[in-house]
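Report on the structure given below.
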Amino acid sequence: MRHFGQVARVPGDPILGLLEHFRADPNPAKLDLGVGVYKDAAGRTPIPRAVKLAEQRLSDSEQSKSYVGGHGDPLFAEGLLRLVLGHQSAVLGAGRAGCTQAPGGTGALRLAGEFIARCLPGRAIWLSQPTWPIHETLFAAAGLEVRHYPYVGVDNRFDIEGMLAQLGRVPSGDVVLLHACCHNPTGFDLSPADWRRVLEVVRARELLPLFDFAYQGFGDGLEQDAWAVRLFSEALPEVLVTSSCSKNFGLYRERTGALIAIAADAEGLQDVRSQLAAHARNLWSTPPSHGAAVVGLILGDDTLRGCWQNELDGMRRRVAGLRMGLVEALRTYGLAQRFAHIAEQRGMFSYTGLSAAQVLRLRAEDGVYLLETGRANVAGLDAERLDQLAAAIARVVTD
């Protein structure tokens, strides 16, 4: 008997597939703007110095490899809650927020989906159009109905009016996923005034906000990037937040993240946390320890935290500089205004506005790899080759 004879092959992940094509390309001048990792000026994805120092301390002091609890490392949880919600958070002071460690931000999103599907049955989840592609499959796998609200229009501009109009029609009680900062994949973020308008619609429609907070520190700074999360957390009785340490701590392969739940009161929080621990038990039993221990140590030590913040500030400034540098390089070809949005966007990604046909030409003729949606990982740019990239873009958009 062939048990697997009816198993169908499915398409691979488009981003990872693009990486395979990039690696196989013999062009010595090829450029990877696909995979969403930060790269330094040498094209490497570095380990922050603060992380290496924390790892050395852990190596010298760690006494056991036993399991961590269902909610994860308590030191990690304490530090991350304050990083996300603020040291003076009234929500924390009231005991209304709790942190459940997960294998990366992806694991935290999957846990959120499981919680919503099992504990809030019948709720649909609303995602921006476009959004991170894995959002679609993660929530569908949890059994949720996935629906969409407008985010970027056909003119490649942020559509706040379309977003608000659709959210105003969302059924009461549904869940709306919001990108706290550095929207993936577009790079278009809401202004404080926009966030206040969204808050009023969410409150009026009695929606449950779920924030995906994967890039804290990559937009305008650690505190500034948390502004919307803190606004909603202080204004509403219940909020969910997924946090990832992959980008800002450089812990991609260590899978370090968390789901933060905010409840109306401390008693209600314990009910929610009991459910999260039970669902996490079925998903991954207990979370991995190493990355969370590193983050907990850094956030709990003033010297390490200062070192980490300086490095993160440097990464943010570098990405912002690459954005502005590319727009300036395009000025030579009269395209600075057409692509001005690249400098205005935030975070690692940019919806460039390039068409699929133009993207394929860049790949075939210049070895420049980005997604066919036109989404580029700005952090993959080489500052020494911006003129070369600008010339290639100019050719494919003007021919």
Side-chain angles (χ1 to χ4, degrees), residues 14-15 18-19 22 29-46 128 130-133 151-152 156-158 179-190 212 214-221 224-225 244 246-248 250 252 311-331 333 335-355 358-359 362-363 366-394 396-397:
I15 298 176
L18 187 66
L19 178 60
F22 173 80
K30 61 187 177 181
L31 187 61
D32 176 18
L33 305 182
V35 178
V37 297
Y38 174 81
K39 296 181 181 179
D40 62 16
R44 298 170 300 202
T45 300
S128 66
T131 192
W132 185 39
Y151 197 80
V152 171
N156 197 42
R157 291 287 184 264
F158 173 49
H179 297 235
C181 70
C182 306
H183 185 275
N184 181 3
T186 72
F188 289 109
D189 280 353
L190 283 73
D212 186 347
Y215 301 97
Q216 186 174 4
F218 267 89
D220 293 305
Q224 298 93 321
D225 292 348
S244 171
S246 294
K247 274 73 175 180
N248 52 13
Y252 300 89
E311 290 178 274
L312 180 57
D313 287 344
M315 288 190 282
R316 182 183 67 255
R317 288 193 297 268
R318 179 172 182 275
V319 173
L322 288 169
R323 287 183 177 279
M324 293 186 288
L326 179 57
V327 174
E328 283 303 308
L330 287 163
R331 189 178 303 280
Y333 305 93
L335 295 172
Q337 185 170 355
R338 176 171 175 174
F339 289 97
H341 57 274
I342 293 176
E344 297 164 3
Q345 294 161 340
R346 290 290 182 270
M348 291 171 55
F349 302 115
S350 170
Y351 244 37
T352 60
L354 294 169
S355 69
Q358 291 164 345
V359 167
L362 285 173
R363 188 184 308 174
D366 300 278
V368 176
Y369 286 76
L370 60 157
L371 300 187
E372 290 183 32
T373 58
R375 188 273 256 171
N377 174 26
V378 180
L381 290 171
D382 181 345
E384 301 300 317
R385 297 167 61 191
L386 293 179
D387 290 337
Q388 174 188 337
L389 177 59
I393 292 173
V396 301
V397 301

Quiz item: For Tyr38, which of Met315, Lys247, Arg44 qualifies under side-chain contact (heavy atoms from CB on, under 4.5 Å)?
Solution: Met315
Quiz item: Can Lys39 and Asp32 be counted as an ion pair, charged N to O under 4.0 angstrom?
Solution: yes
Quiz prompt | Leu362 to Ile393 - nearest heavy-atom pair and separation | solution = CD2-N, 4.0 Å
Self-check item: From CA spacing to verdict: side-chain contact (heavy atoms from CB on, under 4.5 Å), Ile15, Leu371
Solution: CA-CA 7 Å; Ile15 298 176; Leu371 300 187; 3.9 Å; yes
Exercise. Could you tell me whether the side chain of Thr352 and the main chain of Gly374 form a donor-acceptor pair under 3.5 Å?
Key: yes
Exercise. To the nearest 0.5 Å, tell me how far Thr45 OG1 sits from Asp40 CG.
Key: 7.5 Å
Quiz item: When rounded to the nearest 0.5 angstrom, what distance separates CD in Gln216 from CD in Gln224?
Solution: 10.0 Å
Quiz item: Going through the distances and angles, do Val368 and Leu33 end up as a side-chain contact (heavy atoms from CB on, under 4.5 Å)?
Solution: CA-CA 7 Å; Val368 176; Leu33 305 182; 4.0 Å; yes
Quiz item: Quick check: does any side chain N or O of Gln388 sit under 3.5 Å from a backbone N or O of Arg385, one acting as donor and the other as acceptor?
Solution: no
Quiz prompt | Which atom of Arg323 lies closest to which atom of Gly347, heavy atoms considered | solution = NH2-O, 2.8 Å
Exercise. May I ask you to check if Lys30 and Phe22 form a cation-pi contact, with NZ or CZ under 6.0 angstrom from the six-membered ring centre and within 45° of the axis?
Key: yes
Quiz item: Does any N or O in the side chain of Asp220 come within less than 3.5 Å of the main-chain N or O of Asp225, such that one atom is a donor and the other an acceptor?
Solution: no
Quiz item: When you measure from the side chain of Arg331 to the backbone N and O of Ala336, does any donor-acceptor pair fall under 3.5 Å?
Solution: no
Exercise. Give a yes or no answer on whether the side chain of Arg346 reaches the backbone of Glu344 with a donor-acceptor pair at less than 3.5 Å.
Key: yes
Quiz item: About how many Å separate CE of Met324 and CG of Leu326, when rounded to the nearest 0.5 Å?
Solution: 12.0 Å
Quiz item: According to the interplanar angle, ranging from 0 to 90°, do the rings of His341 and Phe339 count as parallel (below 30°), tilted (30 to 60°) or perpendicular (above 60°)?
Solution: tilted
Practice problem: Look only at the side chain of Gln345 and the backbone of Thr186, and say whether a donor-acceptor pair between them is shorter than 3.5 Å. | Solution: yes
Practice problem: Kindly indicate, with the supporting measurements, whether the criterion side-chain contact (heavy atoms from CB on, under 4.5 Å) is fulfilled by Leu386 and Glu328. | Solution: CA-CA 9 Å; Leu386 293 179; Glu328 283 303 308; over 6 Å; no
Quiz item: In Å, rounded to the nearest 0.5 Å, how long is the span from CG of Asp382 to CG of Leu322?
Solution: 8.5 Å
Self-check item: Identified ring-ring contact (aromatic ring centres under 6.0 Å, His included) counterpart of His183 within the set Tyr151, Phe188, Trp132
Solution: Tyr151
Quiz item: Is there a donor-acceptor pair closer than 3.5 Å between any side-chain N or O of Asn377 and the backbone N or O of Val37?
Solution: yes
Quiz item: Considering only heavy atoms from C-beta outward, does the side chain of Leu190 approach that of Phe158 to under 4.5 Å?
Solution: yes
Exercise. Can you measure from CG (Leu312) to CZ (Arg317) and round to the nearest 0.5 angstrom?
Key: 9.5 Å
Quiz item: Which atoms form the tightest heavy-atom contact between Asp313 and Arg316, and what is the distance?
Solution: OD1-NH1, 3.0 Å
Quiz item: Do you know the tightest heavy-atom contact between Pro130 and Tyr351?
Solution: CG-OH, 3.4 Å
Quiz item: Short question: side chain of Arg375, backbone of Phe349 - any donor-acceptor pair under 3.5 Å?
Solution: no
Exercise. Measure from the side-chain N and O atoms of Asp189 to the backbone N and O of Cys182, and report whether any donor-acceptor pair falls under 3.5 Å.
Key: yes
Quiz prompt | Approximate separation, where rounding is to 0.5 Å, of Asn156 CG and Ser350 OG | solution = 7.5 Å
